[in-house]
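First the structure, in the form of structure tokens, and then the observations on it.
Chain naming here is simple, since letters A, B, ... match the order of the sequence lines and numbering starts at 1 in each.
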Amino acid sequence: MTLLQIEGLNLAIHDYPILHDVSFTVAPGQIVGVIGESGSGKSMTALAVMRLLPDGARATGRVILDGQDVVHLSEPELCGMRGRVMGMVFQEPMTALNPIQSIGDQVAETILVHERVSRAEAMERARVALARVELPEDRFPLTRYPHELSGGQRQRVVIAMAIALRPKLLIADEPTTALDVTTQAQILILLKRLVQEDGMGLLMISHDLAVVADMADHLVIMRHGRVVEAGPSPALFHRMQHPYSKALLAASTHQPDRAAQPQDTPLLQVQGVIRDYATARRGIWGKPGTFRAVDDVSFQIRRGESLGLVGESGCGKSTLTRAILGLEEVQGGTIQLDGQPVFTGHKPNRAVRRRMQVVFQDPYGSFNPRHRVDRLVSEPFHLLDTPPQGTARDAAIAEALESVGLTPEDRHKYIHEFSGGQRQRIAIARALIIKPDLIILDEAVSALDVSIRAQILDLLADLGDRLGLTYLFISHDLSVVKQVTDRVLVMQAGKIVEQGVTADVFAAPSHPYTRQLLAATPRLPEFENT
Amino acid sequence: MIRAALTNRALVIGLALSLIFVGAALISFIWVPQDVGAMDIPNKMKPPSAAHPLGTDHFGRDILSMIMVGARTSIAVAVVAVVIGMGLGVPLGLAAAARRGSLLDEVIMRGNDLVFAFPSLLIAIMITAVFGPSALNAIIAIGIFNIPVFARLTRGAALSLWTRDYVLAARVAGKGAVRISAEHILPNVTNLLIVQGTIQFSLGILAEAALSYVGLGAQPPIPSWGRMLADSQTMISLAPHMAIFPGMAILLTVLGLNLMGDGLRDLFDPRIRRDRR
């Protein structure tokens, strides 16, 4: 018996084809994972099942859910099905909830829309739904508002809304991508439990092979709007046929070659750094409180080393980055690069600054959209006392672009003409142009698709070898940190709780928090044996 | 971009209406159907005819010529008022955003609130009452009230830009607040400023007409749409065309500028553009 049967689904938006002949099925109680990189059409497939397609989209084929062909239903009939027969969980829990409605009201609303029940009864059922997603009423009253909850708790509320009417099919579109690893693990366990209890089908969409591998009974791998390979989950990993699936798996576990050996001389020394932020005053005359974002942090990076810094959101990683870069003054401790302080007498030290650069996470937000590439890339020249002019400047720009695998002609283009991976290359070119010693990679590969990520990691390893660069690699993704760093620091609530050689920390974590992080990290099946 | 502009109905209509009046004002410098200073009492309050396409006023002056010359006054007052508002408001807004949360930010924004707190037309009347009615004083009065509009808009937009990674990258490159504001913030708020500029421009024309209507704007014999309306009101039943044509001129210009502002906003915002094909 199948619950959802997609047969030959084609989809075009404004006559631009998005999906080609997509077919797969979901049985009750089955978890089907749809995997693909950005632009593969995985989200559009989910939206086609919900018939929540953007304007101008036209779908053909058959999407049979619970005996009815969704493609040919009218909008009122669809409204009757959404929420009752099919529920949906979105990626971003911060925007999926209405900020001015209490969580109880939001869950009850789904019930009131579909069933003629009294408000009190709807609230009672909302209470049950919230309890099922492990938000019991005694600790999370129904009157709570979304801003009073953490990201993981909000995602639980979103799930409660989706399952309140016990739908037969639950669609989860990247349900854990915006969450920390430990929260992700809990949400995945919750989804699995709900599927077992209700016997509903779960269509789970993700870019992360490891997340889906852990969860799904059946995998569907998509690329450019087509299903390239599908099969039962653990088995599929061992007998993948299609070159794309193999490439995707290889990229997910990619290990860049790094030849350079770190030297013994320390490059960056961080000694007892403290960074406090002022919080709101208590009362009109009260003193502003302080929040200690970085608490007595000390470490050093040796020349040529690649040091990983891992921790969940809010642990103080970004604050520490800004302090190292000399963007904000610290309240205690010292930061020295090659023996010179980053901050001297409340002023950032230009001589030190020009030896450090940074690459940010978001390839789309890192560039001023109104400047051409040459101007973007040459921005750090501002740090030099005598920036190169004329042909020297042109040569430096060309060299930087070539070193990241772009052509010197790209200098005349605007940033929107580049893909995400290319933009990240430009960000690296911008960091390289003044030939710094230390490059801070602040989640620099987190927003990239796995295949692009593998290329960028290779590029970074190659540049590190050729130019003798030192990297501070900041990430929440432990599997990437494991692949590219020599040593690793684990940060929790502003403190470094563990540090050591990467292989040792991953093999035998000593701090409970590190163990928790490692346990929560999703693994691909191959990893489990090694 | 240009193709998208041509398919945007509001923008095309707005631009056409605005150009008609700007064109009329420009043509009036070299040619008008009849000298606006020349009175022709025997032909006063004549309805539209071949000699006077829009009729004559109570002194027998040609209304078409007066509207054309009056457009000069309206446009000049509104342009200068917008320039004053932008010239002072945008730097203030950029400064407030660059030093967000500081005393400077607080002083600038509370100063804005102070100007906002007074009804603008009333203060304009006060200024012209104290310094004497003239087109120049009208310009200054209207311009002052444009300052907080631009300062707030700029600050609000700039605040969100200051959190962008490219601004952080510029700070890592050692650039200071002034340089970042000029290179990264200002170019990215220009779209908003152009849209708001057209809307303030139309409000300036309205404000000038209102001030002239109560006799505090441009003084006779300089023709002004507001005063043409004021002059016509006692004769509205005898010569309705005297009120209708200057009124239409104000209405169509303001409508045109507002449509243009809407159209530009749609054009600059790709999300809206897609929906309104």
Side-chain angles (χ1 to χ4, degrees), chain A residues 13-14 54-56 278 318 321-322 324-328 342 347-371 375-385 387 415-416 423-424 426-427 430-431 433-434 436 438-440 442-444 447, chain B residues 1-4 7-8 90 94 97-103 105-106 154 157-195 264 266-277:
Chain A
I13 298 180
H14 294 304
D55 292 341
S318 301
T321 315
R322 284 201 293 273
I324 294 172
L325 287 168
L327 296 176
E328 288 171 4
V342 168
K347 282 262 186 253
N349 187 342
R350 273 169 65 89
V352 172
R353 264 192 167 188
R354 71 180 62 132
R355 299 177 58 188
M356 299 189 281
Q357 279 297 308
V358 61
V359 177
F360 298 108
Q361 170 173 9
D362 180 9
Y364 295 91
S366 302
F367 300 98
N368 187 338
R370 294 180 181 276
H371 292 171
R375 190 164 172 198
L376 294 170
V377 168
S378 60
E379 185 155 46
F381 279 157
H382 188 75
L383 282 169
L384 304 180
D385 295 325
I415 197 69
H416 67 255
R423 288 178 199 211
Q424 216 57 342
I426 295 171
R430 172 168 67 186
I433 200 158
I434 51 167
L438 174 68
I439 293 187
I440 298 181
D442 189 355
E443 303 272 7
Chain B
M1 188 88 169
I2 290 168
R3 266 197 61 198
T7 56
N8 186 319
V90 171
L94 288 175
R99 294 271 170 269
R100 56 212 167 278
S102 73
L103 186 67
D105 181 18
E106 203 67 13
T154 308
L159 278 183
S160 72
L161 292 175
W162 270 97
T163 63
R164 297 285 171 91
D165 280 348
Y166 59 78
V167 171
L168 206 53
R171 291 177 61 201
V172 172
K175 292 187 174 170
V178 174
R179 222 190 155 93
I180 290 176
S181 292
E183 283 182 12
H184 293 293
I185 310 288
L186 186 59
N188 284 298
V189 297
T190 338
N191 288 351
L192 275 176
L193 292 177
I194 291 172
V195 172
L264 285 174
D266 294 359
L267 191 66
F268 292 141
D269 191 338
R271 280 168 304 172
I272 301 176
R273 198 193 315 167
R274 200 184 310 150
D275 295 344
R276 286 203 194 159
R277 269 213 264 222

**Message:** Restricting to non-hydrogen atoms, name the atom on B:Lys175 and the atom on A:His382 that form the minimum distance, rounded to 0.1 Å.
**Reply:** CG-CD2, 3.3 Å
**Item:** Residues that A:Arg355 engages under salt bridge (Lys or Arg N to Asp or Glu O under 4.0 Å), provided they are two or more places apart
**Value:** A:Asp338, A:Asp437
**Fill in**
CZ of A:Arg322 to CG of B:Leu168, rounded to nearest 0.5 Å, is 7.0 Å
**Request:** Look at A:Gly365, A:Pro369, A:Pro380 and state which one has the largest set of heavy-atom pairs under 4.5 Å with chain B.
**Result:** A:Gly365
**Prompt:** With only heavy atoms counted, which part of B:Leu161 is less than 4.5 Å from chain A, the side chain, the backbone, both or neither?
**Reply:** neither
**Prompt:** What is the minimum heavy-atom distance between A:Glu379 and B:Ala170, and which atoms define it?
**Reply:** OE2-CB, 3.4 Å
**Message:** Taking 4.5 Å as the heavy-atom cut-off, does anything in residues 183-193 of chain B contact chain A, and if so which residues?
**Reply:** B:Glu183, B:His184, B:Pro187, B:Asn188, B:Asn191
**Message:** Run the salt bridge (Lys or Arg N to Asp or Glu O under 4.0 Å) test against A:Asp442 and tell me which residues pass, sequence neighbours left out.
**Reply:** none
**Complete:** Sorted by chain and number, sequence neighbours left out, side-chain contact (heavy atoms from CB on, under 4.5 Å) with B:Ala97 holds for B:Arg155, B:Ala158, B:Leu159, B:Trp162
**Item:** Crowding at CZ, B:Arg99 (>12 non-hydrogen neighbours, <6.0 Å)
**Value:** no
**Request:** Select one option (side chain, backbone, both, neither) describing which atoms of A:Arg430 are under 4.5 Å from chain B's heavy atoms.
**Result:** side chain
**Prompt:** Quick one: which of A:Leu383, A:Leu327, A:Ile440, A:Thr321 gives a side chain to side chain contact (heavy atoms under 4.5 Å, CB included) with B:Val172?
**Reply:** A:Leu327
